[in-house]
Structure formats: C-alpha cells, structure tokens
Amino acid sequence: MKYALLDRGDQLSRQLAEQLHGLAATKGLTHNEQKPDIVVSIGGDGTLLQAFHRYKDQLDCVSFVGVHTGHLGFYADWKKDEIEQLVSAMAASKPHNVIYPLLHIEVNTKSGSSSYLALNEFTLKGVDGTLVASLLINDEPFEMFRGDGIVISTPSGSTGYNKSLGGAVIHPSLEALQIAEIASINNRIYRTLGSSVILPKHHHCDIVPNPDKELHIAIDHLAVQMSGVTSITCRVSDQKVAFARYRPFPFWNRVREAFIGSKD
Ligand code: NAD
C-alpha cells in the first residue's frame, strides 16, 4: 500500500507527519508522493481541500483520509493522538471507500473556456460593487441576481460556506448541487427566489454576468479575479472523490458533533 502525505505546515502537523512516516515504515507501508493509493492530510479541512486539488487528476485510483490537529473537521476525522491506530488500520486492512459527488464548473471567457472541479463549492462575487448576473436553470432564464454573490456547493460542501448562508445540509449520498445567495437585493425592482435551490444530477445552471466587470471567483479555498467572463456553467461532475474509512463515522454524527455538540 502506497501513501502520500500533506501536512498544514505548522509545527504540530509536521511532528505528526514525522510520527506517521516513522510508524508507516515499520508497518511496511510505502511512501510515494507521485502514485499513492491513499492520500493522508494532517491539519484541518483546508489541508484536505489542498490534498484534493493536488491529486484531483488521480481521483480514479486514490482515496483520502484526514487527520485533524484541532477541532473535528468534516473531512478530517482522525484525531492527533490516533496516528498509531490510523497507521495500523492502513497496514492491516483495505479501507471501505465512501464516495462523494463533486461539482463541475466551466468558466467561459471572451478568450476561451476552462473547467474546474470543486470538493466544497464554487463562489462568485463582484469585485467592484455588487454582482449582477442572470441565472438560468436548464437553459431557461430563472432569475436576475443582484447582490454580494452566489455560492454553488456540493453535498459535502453544504456544511461549509453554504450553511453560513442558510442553505440546507445535504447528505453526500445524494448527487446534487445547491445554489445559495449571498445577500441578494430584493425590492420592487430586483427579485430573486431568496431561498437556496437544490438541483439533481441531470440538471445544470448557468450564470451570465456582465463580461466587462471584474469578478472574484473561488473554487474551494482557491480564489482568482477574472474579467471577460461571458458565462459559467455548473453541474454535478461525472467524477467522484473517495474517502477511506477504516471505522464508521456517519455524516449525521459529524454534523451533530460539529454544529450541535457531542451526545453526552
Ligand atoms: P478557512 O481556514 O477560513 O476555513 C473555514 C472553515 O470552514 C474551517 O473551520 C473549516 O473547517 C470549515 N470547512 C471547510 N470545509 C467544510 C465543510 N465541507 N463542512 C464544514 N466545514 C467546513 O478556509 P479554508 O481552510 O481555506 O477553507 C475554505 C472553505 O472555507 C471554503 O471551501 C468554504 O466552504 C469555507 N468558507 C466559509 C465561509 C463562511 O462560512 N462564511 C466563508 C468563506 C469560506
């Protein structure tokens, strides 16, 4: 079994990474950053997002596992004092892979188009003032948006930025995407639905902004400013991500522990 490791870069994450490498060598695991079977991230959810983007071209053959150094993460579900258990589990058994859907984003500009994959979400904001854009669902005009921005999330990303915007929490076994508004202006002139919208796998949405405006575009933790954007299409990706589970940790338990508190 070959593993790759990405740590957050702080002292604790580096120490844990050293501990994991040492234990892995004694258990016969091979450290291979180029072609791993399992990618371990040590840090937080942000570190796992980085790991995902580093290995997004190998999603067919890798699965991810996350260790958190602070509070329980959504993707990082092993604690810092469980490194030994994790390495023993990696050496002893094949993991059960849980498969989560991803978001496919196509950004069309005056000079061409680029495709991206998001594990959490795609975020669109205006740079200079509000974002004005029309939103189409399945090629039919749906609404004209005016406000701070739009977030389109995956089911596993629904507990991230989307949740702060009042979006619903979606179980990652559902292949869907969710469109949430950031501070839309709703008055007699501008009107949007106001609530978040969930689309199934076979639907898609297009956002058509003013191509002369500078936009802030983020895919998970990665943000850029772009101009000349003529349209953006989002759909549930055909690709999926696998998380290696060596013990059960149901999604709703994670939601409860992260947002409500543990049972006791
Ligand atoms: P960060 O370090 O500021 O992390 C923000 C928080 O989001 C962290 O506590 C992280 O644990 C949590 N988080 C990330 N993915 C999550 C998920 N799927 N479910 C629940 N919580 C999750 O930023 P980062 O590490 O660069 O992470 C980027 C992510 O931060 C984005 O993908 C977005 O989901 C989230 N974010 C949230 C807000 C907000 O809630 N207002 C704003 C911007 C970004």
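Read the numbers this way: they start at 1 and go in the same order the structure lists the ligands and their atoms.
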Visitor: Students often mix this up, so state it plainly: with edges at 30° and 60°, are the rings of F243 and F64 parallel, tilted or perpendicular?
Guide: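 The arrangement is tilted - the two ring planes meet at 30° to 60°.
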Visitor: State, yes or no, whether a side-chain contact exists between M1 and K27 at a heavy-atom distance under 4.5 Å.
Guide: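 A side-chain contact is absent here, since even the closest heavy-atom pair is not under 4.5 Å.
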Visitor: Using side chain to side chain donor-acceptor pair (under 3.5 Å) as the criterion, list what pairs up with N186, not counting sequence neighbours.
Guide: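 Partners of N186 by the side chain to side chain donor-acceptor pair (under 3.5 Å) criterion, ordered by chain and then number, come out as S184, T192.
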Visitor: Tell me, which residues have any heavy atom less than 4.0 Å from some atom of ligand 1?
Guide: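 Within 4.0 Å of ligand 1, the protein residues are D45, G46, L49, F74, Y75, N120, E121, S156, G157, T159, G160, Y161, S164, D220, H221.
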Visitor: Among all residues two or more places apart in sequence or in another chain, which pass the side chain to side chain donor-acceptor pair (under 3.5 Å) test with S195?
Guide: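 Testing S195 for side chain to side chain donor-acceptor pair (under 3.5 Å), a comparison that skips the adjacent residues, returns none.
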Visitor: So which heavy atom on F259 is nearest to which on T159, and how close?
Guide: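 Nearest heavy atoms, F259 then T159: CZ-O, 3.4 Å.
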Visitor: Holding to side chain to side chain contact (heavy atoms under 4.5 Å, CB included), I want the full list of residues that pass it with A76, two or more places apart in sequence or in another chain.
Guide: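 Testing A76 for side chain to side chain contact (heavy atoms under 4.5 Å, CB included), a comparison that skips the adjacent residues, returns D45, H68.
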